[in-house]
Amino acid sequence: MELIKHNENEKVIISASGRIDTNTAPAFEAEIKECIAECSELVLDFAGVEYISSAGLRVLLTTHKTMLKKGGSLKTINVGSEIMEIFDITGFSAVLDIE
Amino acid sequence: MKQFDVQAIDQNLPQVLAFIDEQLDAANCPKKIKVQINLAVEEMFINIAHYAYNPDTGTATVRVDVLGDPPSVDITFIDKGVSYDPLAKEDPNVKLPARERKIGGLGIFMVKKNMDDVQYEYIDGHNILTMKKGLIV
């Protein structure tokens with residue numbers, strides 16, 4: 001899994017690629033935690049994400065809850081069809097802000 | 001039928017998936033189904049790694065049987081850890097809003113949703129979890 005972060009004014013964008021699974025989810029979470037501290041608008045670009053297991057979904061849900069609590073926002077963009085199907089099955093497509 | 005014994009630790013997940021994928025590729029498994037199977041395999045293997053022998057570690061046996069007509073695959077996980085039926089856990093309510101959603105419980109739920117059939121048995125000190133999936137989209 002690769003993560004690239006860039007800032008656009010108040011917004012932090014993390015572009016993820018590869019697989020978010022049990023072994024890579026901790027690094028995904030660590031990067032997000034750093035960003036949450038410095039922004040109110042977090043965007044996760046999933047164009048390169050080919051796989052996400054429950055470990056990754058837990059990070060997304062925790063992040064979403066944290067951003068809501070601090071009055072910020074989490075948006076997930078460029079979600080591919082296979083990831084979208086995972087989001088649909090788990091109800092995440094109704095919970096997350098997805099574009 | 002192909003079988004693979006592996007120490008049930010997180011770091012061995014890629015090996016387990018590579019073993020499964022080799023069989024699926026040989027059977028021309030469509031990509032979408034391969035992803036669904038990978039998700040189920042990850043969840044079940046990590047379950048064994050985290051809970052079966054906790055706090056120690058132990059071995060997981062993974063068996064793959066690719067069947068003919070119509071094409072399908074049976075994947076069985078066997079371990080000698082504590083008796084535990086992962087299917088007995090209640091499904092999470094996936095219709096709740098974010099604030100009310102619990103963090104856990106998604107793994108087994110995804111196994112049940114992605115595989116066509118999942119069965120559990122405890123026989124002679126072995127947890128045996130068998131998952132079946134058709135290989136046609």
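Residue numbers start from 1 in every chain, and the chains themselves are labelled A, B, ... in the order their sequence lines are given, proteins ahead of strands.
Atom NZ of B:Lys112 is surrounded by more than 12 heavy atoms from other residues, nucleotides or ligands within 6.0 Å. Around atom CD of A:Glu2, no more than 12 heavy atoms belonging to other residues, nucleotides or ligands sit under 6.0 Å away. Heavy atoms from other residues, nucleotides or ligands lying under 6.0 Å from CZ of B:Phe19 number more than 12. The environment of CG in B:Asp5 is crowded: more than 12 heavy-atom neighbours from other residues, nucleotides or ligands sit within 6.0 Å. Counting heavy atoms of neighbouring residues, nucleotides and ligands inside a 6.0 Å radius, atom NZ of B:Lys89 does not exceed 12 of them. Other residues, nucleotides and ligands contribute over 12 non-hydrogen atoms within 6.0 Å of the CD atom of B:Gln7.
Ranked by non-hydrogen atom pairs under 4.5 Å with chain B, the options A:Thr90, A:Val95, A:Asp21, A:Ile52 are led by A:Thr90. Top candidate by heavy-atom pairs under 4.5 Å with chain A, chosen from B:Leu13, B:Asn38, B:Leu106, is B:Asn38. Note: B:Arg101 leads B:Glu43, B:Lys32, B:Arg101 in heavy-atom pairs under 4.5 Å with chain A.
Separation of atoms NZ (B:Lys31) and CD (A:Glu50) is listed at 6.5 Å; rounding is to 0.5 Å. To the nearest 0.5 Å, atom CG of residue A:Asn23 and atom CD1 of residue B:Ile46 are 6.0 Å apart.
Under the 4.5 Å side-chain heavy-atom criterion for ILVMFWY residues, a single connected hydrophobic cluster contains both B:Ile37 and B:Ile108. Follow the hydrophobic side-chain contacts under 4.5 Å out from A:Leu42 and you reach A:Met1 in the same cluster. The cluster map of Ile, Leu, Val, Met, Phe, Trp and Tyr, joined by side-chain heavy atoms under 4.5 Å apart, puts A:Tyr51 and A:Ile20 in the same cluster. Hydrophobic clustering (ILVMFWY, side-chain heavy atoms < 4.5 Å, transitive): B:Met110 and B:Met115 are in distinct clusters. A chain of hydrophobic side-chain contacts below 4.5 Å, direct or via other Ile, Leu, Val, Met, Phe, Trp or Tyr residues, connects A:Ile98 to A:Leu44.
The contact between A:Ile86 and chain B is made entirely by side chain atoms (from C-beta outward), counting heavy-atom distances below 4.5 Å. There is no contact between B:Lys34 and chain A, counting heavy-atom distances below 4.5 Å. Contact annotation for B:Leu17: only side-chain heavy atoms (C-beta onward) come within less than 4.5 Å of a heavy atom of chain A.
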Applying side chain to side chain contact (heavy atoms under 4.5 Å, CB included) to A:Ile89 and B:Gln36, what does each step give before you reach the verdict?
CA-CA 11 Å; A:Ile89 287 170; B:Gln36 291 171 336; 5.6 Å; no

Run the numbers on B:Val35 and A:Glu85 for side chain to side chain contact (heavy atoms under 4.5 Å, CB included), then give the verdict.
CA-CA 11 Å; B:Val35 168; A:Glu85 207 168 301; over 6 Å; no

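Identified by a heavy-atom distance below 4.5 Å to chain B, the contributing residues of residues 55-70 of chain A are A:Leu57, A:Arg58, A:Leu61, A:Thr62, A:His64, A:Lys65, A:Leu68, in residue-number order.
The shortest non-hydrogen separation linking B:Glu42 to A:Ser53 is OE2-OG, 2.7 Å.
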